[in-house]
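Below is one structure, written out as structure tokens, with a few remarks after it.
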Amino acid sequence: MTDRYFEFTHSPFGKSISNLLGLPQPPKLERAESPWAVAPLDGQSVLLAAAPGSTAVAALLKSLSAMGASIRIAPDHGGLAVIKSAAQKAKIALASEPAADSGESASPCIVFDATGCEQPEDLRALYDLFHAHIARLSARGRVLVIGRIADAQTDVGARTCAAALRGFVKSLAKEVGKKGSTVNHIELESGAEAQLDAALRFLLTPHAAYVTGQTLTVSVGTGKTPTLPGSLHGKVAVVTGAARGIGASIAETLVREGAQVVGIDHPSQEGALGETLSRLGGHGMALDVTAADAGERIATEVAEKFGGIDIIVHNAGVTRDKMIRNMPPHFWDLVLDINLGSILRINERLLKSGLNEGARVVCISSIGGIAGNPGQTNYAATKAGIIGYVAGLAPTLAEQGGAINAIAPGYIETQMTAQMPVAPREVGRRLSSLSQGGLPQDIAEAVVFFASPAAAGINGSTLRVCGQNFVGA
Ligand code: NAP
């Protein structure tokens, strides 16, 4: 559905009116237009900084250089020694970030390694860097802060500092969102530095245009991983609810990355499903995911035609909103069965046979499951249930070299949200750091990232893709 306010504020007339009246102007976001590139930061510079004693610098230098970036440093910053020593070892050239009065552009990306923060005074290094440089970050800039996994720290000071980064990142994201810039946070397991590469390639590029204010946990995972570009070539992916909206975009983005797609949708959507899948050169299956034999039919049909499943995306979902006192029992049962029960049943069957080794499972949750909404007790229960489910099933998938994660979309422009009344629709769009709704592609990009074996360090997580919607933030 068209966001008329967004279009108005980007028209010459609307721009002058909104300037005159001081109305907010949602920024234009830069979204990916092509597959994951080998050198997505080619021709760009990244300002790299660190707290003294940080340990991810060598891995960051290696990945950022492989991504084509030239590395800049802030010459007067406290954590410089650790960067200089790692760069010298890796024979990577460093340049100074130009001074504000030099007339040269500032770096469009800032990456800060805060893994060395162990006492509150160590956090001062963050203030020093961002106080001096954030105002010059370009529109649609990217900031990434890397720290330790707070809950895994045994030292109280280290745990406190790791947790402090979450608040810092959320606040900084709210400060720069009006320029379309994003700020995200990686909590990195000790020893998982080699797994950073895929997360950098996602969070520092237009593939994550609508992800901001979020924390992603990167762990050691299954060890060796391929690099992100090309990692989905020839993979067989099943997507439910693929006829339209977010599901169709997930199918399209998987195809863009070289996967073969089997799209599933309700038999009532057979026509739309056929159109979507024939456009993508994929295979369509008209199937109600709540059917008792749904898992069996998916396993059998995909095995016959493609040999097995590498990726399954549980996207089909419905709403039937009513305050619980007025909610008929069939509204409860239908939403619980489609959004949650069917996922558990299908996966249970596929875990017996049908999934290839190293399979990736991605489930679509919602920020409604994190914050709750009046009239959505049924829907929110299912979407919160998914968050618990992926965390619970992660060890089982890990045993098979695979992973299961969830995406929690915020307000996304689809048929589902077009049915909302005007007031909540405008609130859903505007009350976020990026002050606009997301597009199905934003969810698809995150799903496809999680579907890659290159994201092996991420398992059992739920990532919000919501432009830092203030609901439940
Ligand atoms: P959508 O436009 O309504 O598409 C959902 C698709 O799933 C439809 O084609 C639908 O077919 C299909 N489906 C429903 N029940 C099914 C069943 N029993 N078996 C097979 N297919 C079935 O929704 P969307 O906005 O793209 O949402 C996709 C997912 O994202 C959902 O899980 C939703 O909860 C989640 N989400 C969306 C937003 C948002 O802002 N749009 C926000 C948070 C989360 P029918 O027409 O037959 O129902």
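The figures here come from the full heavy-atom set of this structure, side chains too, leaving out hydrogens, waters and symmetry mates. Numbers here are sequence positions counted from 1.
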Next item on the list: Using a 4.5 Å cut-off on heavy atoms from C-beta on, say whether the side chain of E445 contacts that of R256.
Entry: yes

Check: Any side-chain heavy-atom pair from I412 and P440 closer than 4.5 angstrom?
Finding: yes

Margin query: If you apply the rule salt bridge (charged side-chain N to carboxylate O under 4.0 Å, His left out), what do you find for R429 with E413, and how did you get there?
Written below: CA-CA 9 Å; R429 281 175 176 151; E413 305 285 355; 2.7 Å; yes

Notebook entry, point to check: So, D321 and Q376: side-chain donor and acceptor under 3.5 Å apart, yes or no?
Noted result: yes

Item checked: Crowding at CD, Q119 (>12 non-hydrogen neighbours, <6.0 Å) -> yes

Check: Parallel, tilted or perpendicular: which fits the ring planes of F130 and F168, with parallel below 30° and perpendicular above 60°?
Finding: tilted

Margin query: Any side-chain to backbone donor/acceptor pair from R140 onto S181? Under 3.5 Å, distance only.
Written below: no

Note to self: side chain to side chain donor-acceptor pair (under 3.5 Å), that's the test. Do N347 and H314 meet it? Break it down for me.
What the structure shows: CA-CA 10 Å; N347 285 347; H314 294 283; 2.7 Å; yes

Check: Rounded to the nearest 0.5 Å, how far does OG of S365 lie from CG of L340?
Finding: 10.0 Å

Note to self: I'd like to know if the side chain of T417 reaches the main chain of T414, judged simply by a donor and an acceptor atom lying under 3.5 Å from each other, with no hydrogens or angles considered.
What the structure shows: yes

Next item on the list: Provide the closest heavy-atom pair for P206 versus E30 in the form atom of the first, atom of the second, distance.
Entry: CB-O, 3.2 Å

Notebook entry, point to check: Under a 4.5 Å cut-off applied to non-hydrogen side-chain atoms, are V335 and T319 in contact?
Noted result: no

Check: Would you say E348's side chain and I346's backbone share a donor-acceptor pair under 3.5 angstrom?
Finding: no

Note to self: I need the single residue from T212, V143, I134 that forms a side chain to side chain contact (heavy atoms under 4.5 Å, CB included) with V176. Which is it?
What the structure shows: I134

Margin query: Measuring only between side-chain heavy atoms, which start at C-beta, is I149 closer than 4.5 Å to T217?
Written below: yes

Note to self: Would you say that more than 12 heavy atoms from the other residues, nucleotides or ligands in this model lie under 6.0 Å from the CD of E33, or not?
What the structure shows: no

Check: For the side chain of N459 and the backbone of A394, is there at least one donor-acceptor N/O pair under 3.5 Å apart?
Finding: yes

Check: Does the salt bridge (charged side-chain N to carboxylate O under 4.0 Å, His left out) test come out yes or no for R148 and D155, once each step is laid out?
Finding: CA-CA 11 Å; R148 290 280 167 231; D155 176 80; over 6 Å; no

Margin query: Tell me whether S63 contacts the main-chain N or O of L60 through its side chain, where contact means a donor paired with an acceptor under 3.5 Å.
Written below: no

Note to self: Keeping T240 on the side-chain end and A316 on the backbone end, is there a donor-acceptor pair under 3.5 Å?
What the structure shows: yes

Notebook entry, point to check: Any ion pair linking D442 and R31 (charged N to carboxylate O, less than 4.0 Å)?
Noted result: yes

Checklist line | Closest approach of A359 to L397 (non-hydrogen atoms, all atoms of both residues) | finding: O-CD1, 3.8 Å

Next item on the list: For K84, look at atom NZ and say whether over 12 heavy atoms of other residues, nucleotides or ligands are found less than 6.0 Å away.
Entry: no

Notebook entry, point to check: Just by distance, do the side chain of S107 and the backbone of C109 share a donor-acceptor pair under 3.5 Å?
Noted result: no

Item checked: Straight-line distance of T182 OG1 to L144 CG, nearest 0.5 Å -> 8.5 Å

Item checked: Any residue meeting side chain to side chain donor-acceptor pair (under 3.5 Å) with T462, in chain and number order, not counting sequence neighbours -> none

Checklist line | F450 vs V313 side-chain heavy atoms within contact, under 4.5 Å | finding: no

Note to self: For a 4.5 angstrom cut-off between non-hydrogen side-chain atoms, does L463 reach V465?
What the structure shows: yes

Notebook entry, point to check: Taking all non-hydrogen atoms of both residues, which atom of A162 and which atom of A150 are closest, and how far apart?
Noted result: CB-CA, 3.6 Å

Note to self: Quick check on side chain to side chain donor-acceptor pair (under 3.5 Å): which of K170, H185, R166 does T215 satisfy it with?
What the structure shows: H185

Notebook entry, point to check: For G295 and L350, which heavy atoms make the closest approach, and how far apart are they?
Noted result: O-CD2, 4.0 Å

Check: Are any non-hydrogen side-chain atoms of S45 and I71 less than 4.5 angstrom apart?
Finding: no

Next item on the list: Evaluate the salt bridge (charged side-chain N to carboxylate O under 4.0 Å, His left out) criterion for residues D197 and K62: first the C-alpha distance (whole Å), next the side-chain angles of each, then the deciding distance (0.1 Å), finally the verdict.
Entry: CA-CA 9 Å; D197 189 73; K62 187 173 166 211; over 6 Å; no

Next item on the list: May I ask you to check whether F112 and H77 place their ring centers less than 6.0 Å from one another?
Entry: yes

Margin query: Can you give me the closest heavy-atom contact between G78 and P52, atom names plus distance?
Written below: O-CG, 4.2 Å

Notebook entry, point to check: What residues form a ring-ring contact (aromatic ring centres under 6.0 Å, His included) with H133, not counting sequence neighbours?
Noted result: none

Notebook entry, point to check: Is there a donor-acceptor contact under 3.5 Å from the side chain of E257 to the main chain of V255?
Noted result: no

Margin query: I'd like to know if the side chain of N315 and the backbone of G241 have a donor-acceptor N/O pair within less than 3.5 Å.
Written below: yes

Item checked: C363 vs I404 side-chain heavy atoms within contact, under 4.5 Å -> yes

Note to self: Main chain of V46, side chain of R72: is a donor-acceptor contact present, judged purely on distance under 3.5 Å?
What the structure shows: no

Next item on the list: State, to 0.1 Å, how close V220 and S190 come at their nearest heavy-atom pair, and which atoms those are.
Entry: CG2-O, 4.0 Å

Checklist line | Any residue meeting side-chain contact (heavy atoms from CB on, under 4.5 Å) with A164, in chain and number order, not counting sequence neighbours | finding: L123

